[in-house]
Amino acid sequence: MEKSLARYIWSNTRLQQLWILTVVAVSMIPYFLSFDLPKQIVNGPIQGSGFEGEGATQKFMHLAYDLPLIGHVEFFEGFSLGRQQMLMALSLVFLALVVLNGLFKFYINTYKGRLGERMLRRIRFELIDRVLRFPPNHFKRVKSAEIATMIKDEVEPMGGFTGDAFVAPALLGGQALTALAFIIVQNFWLGMIAAAIVGVQAVIIPRMRRRLLELGRQRQLTARELSGRVGEIVDGIGTIHGNDTSNLERADIATRLGLIFSIRYDLYQWKFLVKFLNNFLAQVTPFLFYAIGGYLALQGRLDIGQLVAVISAYKDLPGPLKELIDWDQMRQDVQVKYQQVYEQFNIEPLIDSKIHDIPTAAVVGLTAPLVVTNLTLSDDSGARLVDHVSVEIKPNETVAVVGPNSSGAEAFAEALGRITWPDSGRVTIDGHDLLELPESITGRRMSYASADTYFFHGTLRDNLLYGLKHAPLTKPAYDERMATEAKWHAAEAVKAGNPTLDLNSDWVDYNSAGATGPEDLLAAIRPVLDAVLISQDILDLALRSTVNTDVHVALASHIVDLRAALRKQMQDTGLGNIVVPFDFDAYNVQATVGENLLFGSMRRPMMNNRRLAAHPYFQTLFRDTGLSNDLYAMGLEIAENAVELFHDLPPDHPFFQQLTFMTPDDIPTYQALLQKLQSRKFDDAAPEERSAIIRLSFAYIEPRHRFGLLSNELMDKIVSARKQFHENIPDDLAAVIERYDPEHFISSASLMDNVLFGRIAYQQADASDRIRAIMGELLDRLGLFDDVLSIGLEFDVGSGGKRLTMVQRQKLNLARSLLKRSDYFIFNRPLSALDQRVQDQITHNVVENLHTEGERPAIIWVLSNAKLAEIFDRILVFDRGVLAEAGNFPELSEQNGMFKELLS
């Protein structure tokens, strides 16, 4: 990595910098001419110099020069113009020069901006590329938030500086020198005054700004540390709450913010002191020009045109000079930032870039044994984890690695998975060091999974197939416009030193998963998901999800048949009363009052309960049917019963799990509201009070809450209001509310609600589990299981996969490894969060499924349960970092050694 920012910029933008410097040099010509023209206008047409006689004229645009050895040469004789004509002509030339100078500035600034953005893109990519090549143990010493902050924020000024690195001093220095030279040409002493002031600014101001640079560096460091600390708080929020240390963290953050405040306050004081001095010096010069220049003009030693031209030229001198001083500060500032970036990212040894290259030929399988020779591993403190271990693992062998905690078994597996680099010794395949093999081989033909899991923000499918996305395989079908745009982006990527890999291509290696394309991919995924026992979890996610009918057309078209099949299956198994179906003419006692009234599903987020309650049509219906008074009275009784029963209970009492319409925090609120509304009727209550009371009735289910508040008369009244609601529903509500229809798919409802088309009876024990089991069988029988599975695979796993449970994450992590169908599988206690029975079942499934006829990859599994070693070909027993025993299950179980102790 280049240590000097200036050298880094020049080496990557040399040709562009030379071009823009040439443009800057050319732009100085019209810039100088724009200073001389006001003098010609004042002395000539305005004061009449050269127009003394009646009808006098002068030549305009007369181009003639005395050249050495050639003599007088006339290129263009020009036009003869009168005084007024000359005034207008020179004024138009001045306007043209203004426009030309503006166009030069526009082009130069635009070019600089594009150059800077390309360089920013380049340096950010290179830094991320270096992060991908950091040695594994380095990540234990850095905070991800600090690295992200440096790449995102701290290199931002470097992009802006790139365009100015060489152009700004040339442009601004050229403008300042041009203006200063013009002043000296007009009057030597005025030029010397301007030069003296410029010299003071150029010497004093940069010296004062050194303190600003130091303060800026301190601010950068403290801000980065704050970012890292905030990242730690977010990652460790569970530990903070579990140990009641939130106030400690507040104190730590307050101290850090106080330090940042003091640094920034000091920074502002120095910044504005420098600005005051700079502005003062800039304003002293015009005073001297007016005083001395005016005196010289009165003495006749300086004409008015020259004085006006000098003042006009000086007007353009402080701007470039100030910007040049600012540039120097920026140069030092970004060099300090770049130095910090250099120190953070200049890590040795980096992973060789060739290890990450995309292979040009097909990746062949690993057929040689995995040989471990004198392997020694240590932790960061220097303690030995594995001590001189040598072993050979054949390509089709299953090896169980067992040992007590801290035995070295886990570290041994990490070395095989390239998670830990050896202190000494080697791990080789076919004579090649494992660390020197390209990741196109180790990342495809070897799979590693441990209890530590990480999933990127995205769908479950994206994370499951992540291990198959090695290189772009199939290019997307672009139309003409998109193809042109893609070519432009590719060209810009090349100019910025970025790869031209198209993210929109299909990256999934279907062959590695045992599929031919996206059509049969689910068929290849299904056995893996079944083996790790996560299919049911994904099915549950799908049943709770809404269905995109444009994508899952077959499922939507079969939903009515699926409902009928479910009803029949439940009848045949004696579970006919487990679900109460929706009936437009009847009240569903297992559904809430609100669901019965609406008899439909709202398209969220376009419509929600609050918006529906505020709709004029809904409010009119409530008044006309009298339900306002009925549900208000019902809500009052619910509130009274709930407050009476639950007000003395602690907030974490299990009874609150049955109280769906009120939280423990709501109890005091409703207690106060009941006292206020004791003797007041519906019409006397405020609108927000009515809404709070009626809301309770909407969530009421008689069989669940059993307050005895739903009479037959009220249920009939709700059904009647429901019919009236749907009969005259306005278009705006009809567009966002889907009525339940037994003959159609309800796109805004979940898949479970669509299949059930009713509500599960609360009195039935384990009703949900029994229905899910029946649904799974039905979906398989009707050939719809894969469609439903694909819906579950669209579930968003959240940041780091945190929307999944730890058990689900470990199952998914194992499935992702299995899906690659590698030649070597290294499993390092991958299922530690699961209970032992489930771990045993999954282990059996994986070993038996992977070792089918014609497919026998090597499996190295660090087991939590030594008894499972019976199903493996060979056993390696670790103790205190050494390989204590090795052999098969019958041999080791008969010996009085470490393995026999682990079995007992």
Side-chain angles (χ1 to χ4, degrees), residues 533 535-547 555-556 558-601 654-655 657-661 698-712 715-716 718-719 722 738-785 787-789 791-792:
L533 305 181
S535 297
Q536 188 60 48
D537 296 84
I538 298 175
L539 178 65
D540 290 345
L541 293 175
L543 292 174
R544 293 195 294 269
S545 303
T546 55
V547 179
L555 181 61
H558 284 82
I559 199 69
V560 176
D561 297 335
L562 194 56
R563 286 173 188 164
L566 180 64
R567 292 276 185 276
K568 184 177 183 306
Q569 182 77 14
M570 289 192 299
Q571 292 290 347
D572 293 344
T573 55
L575 300 173
N577 61 343
I578 202 171
V579 174
V580 178
F582 289 127
D583 185 347
F584 190 65
D585 297 318
Y587 187 94
N588 191 318
V589 294
Q590 300 296 342
T592 66
V593 170
E595 288 173 329
N596 272 283
L597 184 60
L598 187 62
F599 199 78
S601 177
F655 283 178
Q657 295 176 7
Q658 303 300 319
L659 197 63
T660 57
F661 43 73
F698 276 12
Y700 183 75
I701 303 172
E702 184 62 62
R704 180 173 186 175
H705 302 119
R706 292 181 286 186
F707 289 167
L709 302 177
L710 270 177
S711 62
N712 290 331
M715 288 191 288
D716 292 340
I718 291 172
V719 172
R722 168 205 299 171
E738 269 190 288
R739 176 177 159 179
Y740 290 147
D741 187 339
E743 300 301 322
H744 290 90
F745 185 87
I746 306 148
S747 60
S748 57
S750 69
L751 181 58
M752 173 71 91
D753 287 345
N754 267 287
V755 177
L756 286 180
F757 198 72
R759 287 289 175 262
I760 300 172
Y762 285 97
Q763 300 90 332
Q764 299 286 341
D766 301 326
S768 295
D769 294 338
R770 294 158 78 182
I771 285 178
R772 284 189 176 88
I774 295 173
M775 278 189 186
E777 295 173 7
L778 280 175
L779 292 169
D780 251 341
R781 194 163 69 236
L782 297 174
L784 296 173
F785 195 96
D787 282 344
V788 176
L789 200 67
I791 296 171

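Here, residue 1 is the first one in the sequence, and each next residue gets the next number.
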Enclosure of D572 CG (heavy-atom neighbours >12, cutoff 6.0 Å): yes

Search all heavy atoms of H705 against all heavy atoms of Y700 and return the closest pair with its distance. CB-CE1, 3.5 Å

Measure the acute angle between the ring planes of F584 and F599, then classify it against the limits of 30° and 60° as parallel, tilted or perpendicular. perpendicular

Tell me, please, which residues at least two apart from V580 pass side chain to side chain contact (heavy atoms under 4.5 Å, CB included). N588, Q590

Within the 4.5 Å heavy-atom criterion, are D753 and R759 side-chain neighbours or not? yes

Is any side-chain heavy atom of V755 closer than 4.5 Å to one of L778? no

Might you point out which heavy atoms bring H744 and R563 nearest each other, and give the distance in Å? O-NH2, 3.0 Å

Working to the nearest 0.5 Å, report the span between CG of L751 and CG of L541. 12.0 Å

Tell me the closest heavy-atom pair linking L709 and E702, and the distance in Å. N-OE1, 3.0 Å

Please report the closest heavy-atom contact between A591 and F582, naming both atoms and the distance. CB-CE2, 4.4 Å

Is there a side-chain contact (heavy atoms from CB on, under 4.5 Å) between I760 and I771? Walk through the geometry before answering. CA-CA 9 Å; I760 300 172; I771 285 178; 3.8 Å; yes

Nearest 0.5 Å please: distance from the CG atom of N754 over to the CG atom of L555. 8.5 Å

Once side chain to side chain contact (heavy atoms under 4.5 Å, CB included) is applied, do any residues pair with D583, and if so which ones, sequence neighbours excluded? D585, A586

Applying side-chain contact (heavy atoms from CB on, under 4.5 Å) to V579 and L566, what does each step give before you reach the verdict? CA-CA 10 Å; V579 174; L566 180 64; 5.9 Å; no

Out of curiosity, Q571 CD to N577 CG, how far, rounded to the nearest 0.5 Å? 8.5 Å

Evaluate the criterion side-chain contact (heavy atoms from CB on, under 4.5 Å) for residue pair V547 and I559; output intermediate values, then yes/no. CA-CA 11 Å; V547 179; I559 199 69; over 6 Å; no

Do the side chains of R770 and M570 get nearer than 4.5 Å, heavy atoms only? no

Listed by chain and number, what are the side chain to side chain contact (heavy atoms under 4.5 Å, CB included) partners of E738, not counting sequence neighbours? R603, I746, S747, S748

Measure the spacing between CD1 of I538 and CD1 of I791 and express it to the nearest 0.5 Å. 12.5 Å

Report yes if some heavy atom in the side chain of F785 is under 4.5 Å from a heavy atom in the side chain of L539; otherwise report no. yes

Is there a side-chain contact between V593 and Y587 in this structure, where contact means two heavy atoms from C-beta onward sitting under 4.5 Å apart? yes

In the structure I gave you, are the side-chain heavy atoms of R567 and P581 within less than 4.5 Å of one another anywhere? yes

Can you find a heavy atom in the side chain of L779 that is under 4.5 Å from one in the side chain of L562? yes

Does M715 reach the side chain of N596, with side-chain heavy atoms less than 4.5 Å apart? no

Interatomic distance, CZ@R739 vs CG@L598, rounded to 0.5 Å, equals 11.5 Å

